[in-house]
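Here's the structure we're looking at; comments come further down.
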Amino acid sequence: MSTVTAGIQVLPNGQDVDTYGVIPSIVGSVKESGLKYQVGPMETVVEGELDEVLLLIKNLQQDSIQLGASEVITNIKLHYKPNGVTINDKLTNV
Ligand SMILES: Cc1ncc(C[n+]2csc(CCO)c2C)c(N)n1
């Protein structure tokens, strides 16, 4: 298998819930996953095996509901290369 890089934007929504209230806990879950990650103002970028990244996304949706959201939109950008692509690979020339 190969390493993928993914941009993940979680947008929880609910009557008494907003993104600012929930994202710190969501980022905590990303941290606990053990995957390499970088938090940005619009999304968090992670790298890992495809199955690990997809499982994390599934867990973040469930976490959002457990944190009080009634629904959540997750925007996902996934970069795949047969030999793998890492966050560092993408930053070497910038
Ligand atoms: C997975 C994920 N990471 C970062 C953001 C962007 N974001 C929205 S609110 C906020 C600050 C919270 O204190 C940040 C960094 C997101 N939406 N989803």
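Note that the structure is predicted; figures quoted are calculated from it, not measured. Note that ligands are numbered from 1 as they come in the structure, with each ligand's atoms numbered from 1 the same way.
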How far does OG1 of Thr3 sit from CG of Asn83, to the nearest 0.5 angstrom?
10.5 Å
Let me confirm one number: the CD-CG distance from Gln38 to Leu91, rounded to the nearest 0.5 Å.
6.0 Å
What heavy-atom pair brings Val17 and Ala69 nearest, and what distance separates the two atoms?
CG2-N, 3.7 Å
What is the closest protein heavy atom to atom 6 (C) of ligand 1, and at what distance does it sit?
Pro41 O, 3.2 Å
Nearest non-hydrogen contact with atom 10 (C) of ligand 1 belongs to which option: Ile23, Ile26, Val22?
Ile23
Would you say ligand 1 has an N or O under 3.5 Å from any N or O of Val10?
yes
Have a look at Gly40, Pro12, Gly21 and point out the one with the heavy atom closest to atom 15 (C) of ligand 1.
Gly40
Please state which protein non-hydrogen atom is closest to atom 9 (S) of ligand 1 and give its distance, to 0.1 Å?
Thr19 CG2, 3.7 Å
Heavy-atom nearest pair, Ala6 first then Val53, reads CB-CG1, 3.7 Å
Distance under 4.0 Å to a non-hydrogen atom of Met42: what atoms of ligand 1 satisfy this?
5 (C), 6 (C), 16 (C), 17 (N)
Quick one: are Asn75 and Leu11 in side-chain contact, heavy atoms under 4.5 Å?
yes
Under 4.0 Å from any heavy atom of Glu43, which atoms of ligand 1 are there?
3 (N), 4 (C), 5 (C), 6 (C)
Ligand 1 versus Thr44: contacting region, heavy-atom distance under 4.0 Å:
both
Heavy atoms only: give me the nearest Leu35-Gly48 pair and the separation to one decimal.
CD2-CA, 4.2 Å
Starting from atom 1 (C) of ligand 1, locate the nearest protein heavy atom and write down its residue, its atom name and how far away it is, to 0.1 Å.
Ile8 O, 3.3 Å
The answer for which part of Pro24 has a heavy atom under 4.0 Å from ligand 1 is side chain
Of all heavy-atom pairs linking Lys81 and Ser2, the shortest is O-OG, 3.5 Å
